[in-house]
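Quick note: numbers below take in every heavy atom, side chains included, and nothing from hydrogens, waters or symmetry partners. Predicted, not measured: the structure shown is a model, and the values here were computed from it.
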There are 2 protein chains.
Amino acid sequence: MHTKFLPRPAVSLVTTSRSPQAGAGSLPAGEPRLLHAEVVDRLRDRIVRGELAPETKLNERVLCQELGISRTPLREALKYLASEGLVQLLPNRGAVVAALEPGRIKQMFVVMGALEALAGELACANASDADIAEIRAMHYQMVAHYARGELADYFRYNQLIHMKLVESGGNGVLAQSYRSLNAHVKRARYMANLSKERWDKAVEEHEAILDALVKRDSTRLKALLQDHLGNKMVVVMEALAGNEPGKP
Amino acid sequence: MHTKFLPRPAVSLVTTSRSPQAGAGSLPAGEPRLLHAEVVDRLRDRIVRGELAPETKLNERVLCQELGISRTPLREALKYLASEGLVQLLPNRGAVVAALEPGRIKQMFVVMGALEALAGELACANASDADIAEIRAMHYQMVAHYARGELADYFRYNQLIHMKLVESGGNGVLAQSYRSLNAHVKRARYMANLSKERWDKAVEEHEAILDALVKRDSTRLKALLQDHLGNKMVVVMEALAGNEPGKP
DNA sequence: GGAAGAAATTTTGTATGCATAATACAGAAG
DNA sequence: CTTCTGTATTATGCATACAAAATTTCTTCC
């Protein structure tokens, strides 16, 4: 697998032009977006998508050139991502993309199970009818993509549904915790090749989940979510076991 | 309440002397401890203990002087703490200690409830006898401090017990998530004045919790932990409601 | 040829400098 | 006295400079 960075010609995030050498600012900017925050989002995205593979060394000079910024905001972003657990800081030796240890991912699934169960409970109790209608709409979108075999779009709606479900319980802390763990797990999922059978089953499970939510059947929803997540865990863990039997 | 910083004469964290102007390093240092990491720990501690009160403005120049470092590692530390949610970054306006919104704290208790329930389950299943013996020992220490009316020490052992219980389930991700939420909640608890009755009851609850753990009665332990946490929530929420009826 | 060690290079950690945004302050107008 | 406006001050965001550590490269010796 490639670990080399693409020689992108430093498209540069700098738009607000606060830098000493820069010439002219432009956008009126309703809300100032700081560089480190932008970099956090970009790097997190690249890590989650697997473009920055686990254990990739993050060379500051290279990243700075790619992003068209100086080391200061980059290093701030790395600290932020380290706190999220997506980056590991090695004192005096820089930063690397966090490893994807199967044991740790499994632990994350267990915790996410507890969070999703709680989320299901809260959603049944607190979700508005509009929330549920939105989830139903996303569900049908997802099923449509499934029918057409469009995996990427299926995944996207799948994620949207799970996030919306978690959010509609009205507990922002829960949503935040879930999102954070989910980012880690998503990294692993990019390796997992969904089998046709598993895909079929996952859609079935989603049908049942939607049904339980509509009926606000908390007990059943919790059980279904647990089951769904458990199955997903199996798939991901298998993929993970297959993709790194021995680290070279 | 004081929000002003103490004029500490810059005791300086700099020991490794990598700075341009610094004179001499000293400690052989088995493992290099970086400045930003040190600052993260210090600031987090001050925030959790309430020495840096909620919504306190964090002036970089002042903190730099207090810590005896330059702005670079300080700002890195602030980014890290922002990711933990203990600090809020205001673009172009610096950083403030995160507010203690009762609604949010309540949400945290709900999530911690789910995590503790899981922790209880895992502890019953996975804790070694040595783990349980350690918890028991800490429990008796705690009770001794309770008997002597030593609140601070009681709290310390209380925390140790809860953390050990969470850790002995063997799920590091769970422990990490719990620790993070706990830091936030601890901030609130520093305001809560435990009544004698509540204290008595809390110790009773702990007796029952220990008993359930020793017997590895997962179902009962979960229920007891939920109850215990729920009671603690009531106390904290009352204190929080009392201490900020109107923000000046 | 390979191991060991020294010098050169790169990389990281921290401090500092500079430009812009934000705030405090002063004075004028109402 | 309050409110507005323009200016001085301060604070923040980013870039850069420099020193120590780590890594690589080049010798040297066996």
- Hey, are the side chains of A/Gln107 and A/Val111 touching, using non-hydrogen atoms and a 4.5 Å cut-off? no
Output yes when at least one side-chain N/O atom of A/Arg75 is less than 4.0 Å from OP1 or OP2 of C/dG13, else no. yes
query = Is A/Arg189 close enough and on-axis enough to A/Phe155, meaning under 6.0 Å and within 45°, for cation-pi?
reply = yes
note: A/Asn59, atom CG; C/dT11, atom C1'; distance rounded to Å ~ 7 Å
When rounded to whole Å, the NE2 to C1' distance for the pair B/His36 and C/dT14 reads 11 Å
Between CD of A/Glu76 and P of D/dT12 the distance, given in whole Å, is 13 Å
From CD of B/Glu60 across to C1' of C/dA15 the rounded distance in Å is 14 Å
**Q.** Chi angles and distances behind the salt bridge (Lys or Arg N to Asp or Glu O under 4.0 Å) call for B/Arg46, B/Glu66
**A.** CA-CA 13 Å; B/Arg46 290 172 72 176; B/Glu66 282 184 25; 2.9 Å; yes
Separation between CG (B/Leu34) and NE2 (B/His36), nearest 0.5 Å, reads 4.5 Å
Any non-hydrogen side-chain atom of B/Ile105 less than 4.5 Å from a side-chain atom of B/Val236?
yes
Taken to the nearest whole Å, NZ/A/Lys57 to C1'/C/dT12 is 8 Å
Could you pull out the protein-nucleic contacts involving nucleotides 23-25 of chain C (nitrogen or oxygen on both sides, under 3.5 Å)?
from, atom 1, to, atom 2, distance (Å)
C/dT23, OP1, B/Arg93, NE, 2.7
C/dT23, OP1, B/Arg93, NH2, 2.9

Taken to the nearest 0.5 Å, the spacing of B/Arg61 CZ from B/Leu74 CG works out to 12.5 Å
Determine the contact category for A/Arg61: base if any of its heavy atoms lies under 4.0 Å from a base atom, sugar-phosphate if only primed atoms, P, OP1 or OP2 are that close, otherwise nothing. sugar-phosphate
Ranking A/Pro91 and A/Pro73 by the position along DNA chain D of their nearest nucleotide, the one closer to 5' is A/Pro73
Side-chain atoms of A/Arg71 come closest, of D/dA17, C/dA15, D/dC14, to D/dA17
note: A/Gln65, atom CD; D/dT16, atom P; distance rounded to Å ~ 12 Å
B/Leu67 CG to C/dG13 C1', in whole Å, measures 17 Å
- Checking A/His184 side chain against A/Glu84 main chain: does a donor-acceptor pair fall under 3.5 Å? yes
Q) Any donor-acceptor pair under 3.5 Å linking the side chain of A/Ser180 with the backbone of A/Ser177? A) no
Check your understanding: Quick one: are the ring centres of A/His145 and A/Tyr157 less than 6.0 Å apart?
Key -> yes
A/Asn92 atom CG is separated from D/dA19 atom C1', nearest whole Å, by 12 Å
Between A/Gly94 and A/Thr72, the residue closer to the 5' end of DNA chain C by nearest nucleotide is A/Gly94
Angle separating the five-pair end axes of the helix from C/dG1-D/dC30 to C/dG30-D/dC1, nearest 10°, is 0°
Exercise. Hey, is the side chain of B/Ser70 poking within less than 4.0 Å of OP1 or OP2 on C/dA15, counting only N and O atoms?
Worked result: yes
